[in-house]
Novice: 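Take this structure, written in structure tokens, and hold onto it; I'll ask about it next.
A, B, ... follow the sequence lines: proteins, then strands. Residue 1 opens every chain.
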Protein chains: 2
Amino acid sequence: MTSLPEKKPARRRDAEENRARIVAAAREVYASAGFDAPFDAIARHAGVGRATLYRNFPDRFALGAAIIEDDLAALEAIARKHGDRPDTFMTLLTGMVERHTEAHALVPVLLREPGAPALQALVPRVTRLLTAPLERARAAGLVRADLTLTDVIDVLAMLAAVLADDGSGRSRHGRMARALELLVHGLVPRAAGARVTSRR
Amino acid sequence: MTSLPEKKPARRRDAEENRARIVAAAREVYASAGFDAPFDAIARHAGVGRATLYRNFPDRFALGAAIIEDDLAALEAIARKHGDRPDTFMTLLTGMVERHTEAHALVPVLLREPGAPALQALVPRVTRLLTAPLERARAAGLVRADLTLTDVIDVLAMLAAVLADDGSGRSRHGRMARALELLVHGLVPRAAGARVTSRR
DNA sequence: GCCCAAGTGGACACTACTGTCCGTTTCGGT
DNA sequence: ACCGAAACGGACAGTAGTGTCCACTTGGGC
């Protein structure tokens with residue numbers, strides 16, 4: 001069903017270029033103005049008309065999906081390259097922080113969008129990317145034994161939360177790195193017996 | 001300057017009631033529809049006209065500030081009650097999770113809003129609430145020695161991030177508690193030497 | 001019980017964004 | 001170089017939210 005070679009009607013070169021420019025522009029605009037940024041602003045920033053944008057991406061979710069797909073591909077490449085090593089999981093986590101995080105931060109934000117069919121299609125791919133590395137990291141004792149995939153999604157959401165500019169002048173990268181550090185090692189000292197006494 | 005007793009022009013009873021109803025409604029609407037929820041929806045949910053809402057709160061930030069002020073007062077009471085105990089800091093953190101978190105979650109979200117004069121006025125109050133307990137917790141070794149106030153604000157933002165409904169059916173409370181647990185104890189096992197090798 | 005100031009909420013004009021339509025331009029095969 | 005198809009982008013009408021105005025209602029001092 002996916003192997004029909006005669007399915008390509010041959011895209012025009014300029015159309016392909018425009019598509020790429022739009023995705024790049026969307027990256028920047030989403031990063032600076034948030035995911036709710038006016039569609040129009042993205043078109044203007046990309047130097048195309050709004051109609052062109054709509055022709056390529058029916059709605060903002062499709063556009064978000066395109067961005068995420070790029071990043072997902074990059075992360076999958078990292079995972080492939082690192083193979084079965086038990087620290088692949090941590091590498092993926094830090095990889096998201098390392099290579100500037102606006103777009104990756106969309107992953108958790110968008111995955112929990114209810115009415116976004118284009119995005120739900122990506123969920124299994126994210127699952128596939130993370131499941132095996134997480135399992136191996138757990139087996140090797142690099143992460144706590146009770147850490148689930150759901151936890152990881154939430155962790156990504158938490159990391160995304162510190163992306164918003166707080167006017168403190170600290171770079172996004174610096175804040176992300178610090179947040180990851182806090183998350184990985186926890187708020188309490190390693191040796192301390194402090195615990196969360198949420199109910200007696 | 002604040003001690004003029006003749007400054008009260010005597011509010012009317014029904015006006016006071018409406019104001020309270022609006023704040024309560026805003027709590028629910030913000031929680032379920034997010035901080036960007038239409039002002040109109042809040043008015044309708046409170047059973048008042050939009051003009052009444054605007055008369056009480058010139059913009060959504062003033063309304064947000066009113067909500068936060070309530071919660072802040074509650075947390076200040078907790079802090080006062082716990083006095084100098086070194087675990088007051090953790091109690092404040094868990095307190096936010098315990099007593100349903102929609103509104104408290106606004107704290108970090110709103111504190112980093114750039115154009116929100118009504119909110120910036122609350123910053124020193126938040127600072128005052130947290131500084132001493134944090135210091136005492138650090139001194140007692142209950143939290144890591146390098147934990148700063150800025151970190152704590154980011155932690156609050158991170159906790160807020162898991163409030164968004166993810167459709168998983170897990171309760172907000174449950175997710176918050178889990179997120180706090182992860183944050184407090186970290187992703188790596190207590191004994192493990194795993195570290196974030198973000199740059200070699 | 002009366003009256004006026006305080007308070008109310010529906011109506012209105014305004015703005016920002018959305019999504020589509022259509023006349024014009026550009027690509028690429030011949 | 002020519003031509004048809006593909007792609008473009010400005011223009012347009014529709015919609016949702018905002019903030020204000022004003023004729024009407026209500027509380028509370030007298």
Side-chain angles (χ1 to χ4, degrees), chain A residues 5-26 28-67 110 113-119, chain B residues 5-26 28-67 110 113-119:
Chain A
E6 214 48 83
K7 206 66 180 290
K8 288 268 178 188
R11 297 256 300 165
R12 238 167 69 172
R13 195 177 54 238
D14 57 342
E16 210 66 55
E17 275 175 21
N18 272 341
R19 199 197 126 101
R21 267 227 302 285
I22 288 169
V23 173
E28 296 178 22
V29 173
Y30 280 163
S32 67
F35 187 59
D36 300 328
F39 232 48
D40 194 26
I42 298 172
R44 236 177 309 111
H45 195 263
V48 303
R50 216 179 22 259
T52 301
L53 207 172
Y54 276 106
R55 220 172 296 114
N56 282 278
F57 306 98
D59 56 42
R60 70 177 65 251
F61 298 112
L63 186 47
I67 295 176
L110 298 187
E113 272 297 331
L119 294 169
Chain B
E6 214 47 85
K7 206 66 178 289
K8 289 267 178 191
R11 298 255 300 166
R12 238 167 71 172
R13 196 177 53 239
D14 56 342
E16 209 67 56
E17 276 175 21
N18 271 341
R19 198 198 126 100
R21 268 228 301 285
I22 289 170
V23 173
E28 296 177 22
V29 173
Y30 279 164
S32 67
F35 187 58
D36 299 330
F39 232 47
D40 194 25
I42 297 172
R44 237 178 307 113
H45 194 262
V48 302
R50 217 182 18 261
T52 301
L53 207 172
Y54 276 106
R55 218 172 300 112
N56 281 279
F57 306 99
D59 56 42
R60 71 177 64 253
F61 298 111
L63 186 47
I67 294 176
L110 298 187
E113 273 295 332
L119 294 170

Novice: Base, sugar-phosphate, or nothing: which does B:Arg13 touch, judged by heavy atoms less than 4.0 Å apart?
Specialist: sugar-phosphate
Novice: Contact class for B:Arg55 vs. all strands (heavy atom < 4.0 Å): base, sugar-phosphate, or nothing?
Specialist: base
Novice: Need to verify one output field. Residue with the more 5' nearest nucleotide on DNA chain D, B:Pro38 or A:Asp14?
Specialist: A:Asp14
Novice: In whole angstrom, what separates B:Arg50's CZ from C:dC12's P?
Specialist: 13 Å
Novice: Please answer whether the main-chain N or O of B:Ala37 pairs with a side-chain N or O of B:Arg60 as donor and acceptor at a distance below 3.5 Å.
Specialist: yes
Novice: Using modelled atom types and a 3.5 Å cut-off, is there a donor and acceptor pairing between side-chain atoms of B:Arg50 and backbone atoms of B:Asp40?
Specialist: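 Absent.
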Novice: Taking all non-hydrogen atoms of both residues, which atom of A:Gly64 and which atom of A:Leu119 are closest, and how far apart?
Specialist: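 Between these two residues, the closest heavy atoms are C-CD2, 4.3 Å.
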Novice: For the residue pair A:Ile42 and A:Ile22, what are the closest heavy atoms and their distance?
Specialist: CG2-O, 4.3 Å
Novice: Going by heavy atoms closer than 4.0 Å, what residues in residues 17-25 of chain A are next to DNA chain D?
Specialist: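 Under 4.0 Å from DNA chain D: A:Asn18.
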Novice: Locate the shortest heavy-atom distance separating B:Ala25 from B:His45; write the atom from each residue and the value.
Specialist: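 Residues B:Ala25 and B:His45, closest heavy atoms: CB-ND1, 3.6 Å.
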Novice: Run through A:Tyr30, A:Tyr54, A:Phe57 and flag the one making a ring pair (Phe, Tyr, Trp, His ring centres under 6.0 Å) with A:Phe39.
Specialist: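 Going through the options one by one, the only one that passes is A:Tyr54.
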Novice: Taking heavy atoms of chain B and a 4.0 Å limit, find me the 5'-most and 3'-most nucleotide of DNA chain D within that range.
Specialist: D:dG17 to D:dG28
Novice: Under 4.5 Å between any side-chain heavy atoms of A:Arg19 and A:Arg11, yes or no?
Specialist: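 Yes, at least one pair of side-chain atoms sits under 4.5 Å.
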Novice: Say whether, by atom type as modelled, one donor and one acceptor occur between the side chain of B:Thr52 and the main chain of B:Val48 under 3.5 angstrom.
Specialist: no
Novice: Identify, between B:Arg12 and B:Phe39, the residue whose nearest nucleotide on DNA chain D lies closer to the 5' end.
Specialist: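 Checking each residue's closest nucleotide, the 5'-ward one belongs to B:Phe39.
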Novice: Both A:Arg44 and A:Ala51 contact DNA chain C. Which one's nearest nucleotide lies toward the 5' end?
Specialist: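 Result of the comparison: A:Arg44.
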Novice: What is the distance, to the nearest angstrom, from the CG atom on A:Asn56 to the C1' atom on C:dG19?
Specialist: 15 Å
Novice: Ignoring hydrogens, what is the shortest heavy-atom contact between A:Ala66 and A:Val23? Give both atom names and the distance.
Specialist: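 Between these two residues, the closest heavy atoms are CB-CG2, 4.4 Å.
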Novice: Out of C:dC17, C:dG19, C:dG7, which nucleotide sits closest to the side chain of A:Tyr54?
Specialist: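 Shortest atom-to-atom distance from the side chain points to C:dG19.
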